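Heads up, the thing below is written out as structure tokens.
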Amino acid sequence: MNRHLFYPIVFVLLFLCTPYTLCGQLPEPSGPHCIGKTRFLIASNTRPERYTEEPSDFRKLTVNVWYPGDCTGVPAPYMPTEVLGAFKKSRKIADSIDISFISRTKTHAKRGAGVAPALGKGPVLIFSHGSSTPMELYTGMFEKLASNGYFVFAVSHTYNSAAVQFPDGSIILANRAYFDNRWNDTINDGWEKMMALVKTDAPVEKKRHAIGELFSTDFPPTGDMDYWTTDIAQVIERVTEMNRDRKDLFYKRLNLKKVGGFGHSYGGSAMGHALMSLPSLKAAVNLDGWQFGKLVVGQKFPKPFLYVRGGYEQVDPLNSAVYSLAGPEFRQVKVSGTLHSSFLDLPWFSGPQDIYDTGTLAPDRNAAIINDLLLAFFDAQLKGQKEDWDNIRSKYRELEFE
């Protein structure tokens with residue numbers, strides 16, 4: 001059953017350069033700023049590591065940052081080869097299939113760049129990746145936002161990404177055995193019974209009750225949402241420290257009154273949960289994720305929340321019940337022609353055969369829709385610009401506001 005939570009990506013065929021494949025170049029960001037990139041480590045000596053069985057382990061997190069830069073520095077690589085190798089192995093991709101060009105993809109970010117001098121302070125965004133998915137696979141999205149004046153802090157949830165590279169170069173692989181072993185027969189049975197109910201025409205109140213009961217047990221995603229929310233909180237705490245540190249690159253450049261969050265899949269679910277519990281988060285986005293977490297079921301969102309879902313029905317039955325009382329701060333939009341993997345950089349690598357199962361949209365159209373949705377939402381919520389969904393709707397016929 002747990003396979004449904006991680007939306008495995010199947011890699012097949014050979015990779016050929018075609019009008020629809022990237023082969024080494026991310027789309028040009030549309031914003032007025034150059035892009036800088038850096039990273040740092042958060043190491044706790046008091047917070048136990050949830051995803052190993054070693055009692056002496058404490059939580060360590062790598063955070064990569066994309067930010068409005070001053071056009072100096074050296075080109076930043078797309079993805080470490082070791083991370084790509086672990087990702088390939090985790091997806092059981094045949095050795096005969098060469099995907100090495102992904103790690104050589106050219107980005108628009110520069111390491112060692114200063115912050116754009118004319119920017120002043122910029123809003124902060126925290127990103128949470130999908131389970132088992134390296135955060136590097138969302139780079140195009142980060143570059144778009146950074147070029148438009150946002151400081152994007154992308155956390156890698158250690159042991160729940162195929163691999164994470166720490167700043168010292170060490171590689172931490174996913175602890176797949178831990179995650180698989182949590183799904184015992186009792187938990188699987190509870191999940192299947194609940195999902196069978198939410199797919200029926202039963203009253204929504206009955207569905208919410210069943211979901212809430214399951215999420216209030218030792219259901220694994222419930223604990224993960226609490227743990228990932230603490231990861232997000234630690235990133236915000238470090239960001240606050242950076243903004244106060246005279247020696248830090250981001251000293252007094254971060255607008256800590258304007259902090260938002262977004263995530264994909266499991267990470268999108270974590271952002272919904274985090275928005276309910278972290279006062280510093282002012283707005284958040286869930287990109288095509290099942291909404292787990294006991295704090296959200298049947299609750300009214302106190303702050304702006306956008307749920308963007310793929311152009312298929314799989315996610316909807318659960319989230320329809322969870323979000324049924326979400327209130328006026330909640331927005332939901334469906335992007336026709338997209339699938340779960342459409343929310344990563346993978347459409348640029350797919351080719352006309354759609355080898356990553358990313359839907360029917362051309363990669364440039366796919367990226368433009370998702371990036372413009374994010375930018376419009378955060379510009380309205382964090383920059384105080386007019387919320388103009390009518391313009392977005394008229395520009396992209398693929399959007400269905402629900």
Side-chain angles (χ1 to χ4, degrees), residues 1-7 47-53 59 61 126 128-133 155 157-161 174-199 204-235 261 263-278 281 284-302 305 307 314-326 330:
M1 170 268 135
N2 53 325
R3 294 191 303 271
H4 297 294
L5 298 180
F6 305 122
Y7 298 89
R47 186 183 172 203
E49 176 55 68
R50 174 183 177 86
Y51 299 131
T52 69
E53 296 181 355
R59 191 66 165 161
L61 299 168
I126 314 298
S128 180
H129 58 78
S131 185
S132 80
T133 306
V155 58
H157 299 283
T158 314
Y159 298 112
N160 209 331
S161 171
N175 188 350
R176 295 303 316 156
Y178 173 88
F179 291 100
D180 292 341
N181 291 340
R182 295 188 304 172
W183 288 89
N184 57 43
D185 291 341
T186 300
I187 291 172
N188 281 335
D189 184 60
W191 167 262
E192 297 296 346
K193 286 181 178 179
M194 183 273 290
M195 285 300 291
L197 174 63
V198 301
K199 293 177 181 178
V204 69
E205 295 84 359
K206 185 175 181 179
K207 295 178 183 180
R208 286 199 305 267
H209 179 74
I211 295 168
E213 278 198 331
L214 179 65
F215 286 6
S216 296
T217 67
D218 58 353
F219 184 57
T222 296
D224 290 340
M225 292 303 99
D226 289 337
Y227 202 65
W228 283 34
T229 293
T230 304
D231 286 350
I232 294 164
Q234 284 196 294
V235 175
H264 174 235
S265 191
Y266 221 52
S269 177
M271 280 300 168
H273 191 269
L275 189 66
M276 288 291 193
S277 57
L278 300 180
L281 274 182
V285 180
N286 175 359
L287 296 173
D288 205 45
W290 273 332
Q291 184 60 67
F292 299 115
K294 58 188 177 184
L295 295 181
V296 185
V297 182
Q299 298 301 309
K300 181 179 179 180
F301 279 97
F305 184 70
Y307 169 44
Q314 183 180 9
V315 174
D316 188 53
L318 176 67
N319 286 10
S320 292
V322 172
Y323 295 145
S324 57
L325 298 176
F330 176 80

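None of these values were measured; they are calculated from a predicted model.
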How many angstroms lie between atom [atom1] of [X] and atom [atom2] of [Y], to the nearest 0.5 angstrom?
| X | Y | atom1 | atom2 | value |
| --- | --- | --- | --- | --- |
| Leu325 | Phe330 | CG | CZ | 11.0 Å |
| Phe219 | Met225 | CZ | CE | 9.5 Å |
| Phe179 | Ser132 | CZ | OG | 9.5 Å |
| Tyr227 | His273 | OH | NE2 | 15.0 Å |
| Lys207 | Met195 | NZ | CE | 10.5 Å |
| Phe305 | Asn286 | CZ | CG | 4.5 Å |

Kindly indicate whether the side chain of [X], heavy atoms from C-beta on, has any atom under 4.5 Å from the side chain of [Y].
| X | Y | result |
| --- | --- | --- |
| Ile211 | Arg208 | no |
| Met194 | Leu214 | yes |
| Thr133 | Tyr266 | no |
| Leu287 | Met271 | no |
| Phe301 | Val296 | yes |
| Leu295 | Ser277 | yes |

Exercise. Could you tell me whether the side chains of Asp224 and Tyr51 share a donor-acceptor contact shorter than 3.5 Å?
Key: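 Yes, Tyr51 and Asp224 have a side-chain donor paired with an acceptor closer than 3.5 Å.
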Quiz item: Taking atom types as modelled, is there a side-chain donor on Arg47 or Gln234 under 3.5 Å from an acceptor on the other?
Solution: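 The criterion, which ignores hydrogens and geometry beyond distance, is satisfied for Gln234 and Arg47.
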Determine yes or no for a side-chain-to-main-chain donor-acceptor pair under 3.5 angstrom, with [X] supplying the side chain and [Y] the backbone.
| X | Y | answer |
| --- | --- | --- |
| Asn319 | Gly289 | yes |
| Thr222 | Ser216 | no |
| His264 | Gly268 | no |
| Ser269 | Trp290 | yes |
| Thr230 | Asp226 | yes |
| Arg50 | Arg59 | no |
| Asn175 | Tyr159 | no |

Shortest non-hydrogen separation from [X] to [Y] and the atoms involved:
| X | Y | result |
| --- | --- | --- |
| Leu281 | Gly261 | CD2-N, 3.7 Å |
| Pro221 | Trp183 | CD-CZ2, 3.9 Å |
| Ala270 | Ser128 | CB-OG, 4.3 Å |
| Ala321 | Val204 | CA-CG2, 4.1 Å |

Quiz prompt | side chain to side chain donor-acceptor pair (under 3.5 Å) partners for Lys193, two or more places apart | solution =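 Counting only residues at least two positions away or on another chain, Lys193 forms a side chain to side chain donor-acceptor pair (under 3.5 Å) with Asp189.
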Exercise. Could you walk me through whether His209 and Glu205 pass side chain to side chain donor-acceptor pair (under 3.5 Å), step by step?
Key: CA-CA 6 Å; His209 179 74; Glu205 295 84 359; over 6 Å; no
Quiz item: Yes or no on side chain to side chain contact (heavy atoms under 4.5 Å, CB included) for Leu318 and Val322, after CA distance, side-chain angles and deciding distance?
Solution: CA-CA 6 Å; Leu318 176 67; Val322 172; 4.2 Å; yes
Self-check item: From CA spacing to verdict: salt bridge (Lys or Arg N to Asp or Glu O under 4.0 Å), Arg182, Asp218
Solution: CA-CA 10 Å; Arg182 295 188 304 172; Asp218 58 353; over 6 Å; no
Exercise. Classify the ring geometry between His157 and Trp228 as parallel (under 30°), tilted (30 to 60°) or perpendicular (over 60°).
Key: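 His157 vs Trp228 ring planes: parallel.
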Quiz item: Are there more than 12 heavy atoms of other residues, nucleotides or ligands under 6.0 Å from atom CG of Asn184?
Solution: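 For Asn184, atom CG is crowded (more than 12 foreign heavy atoms under 6.0 Å).
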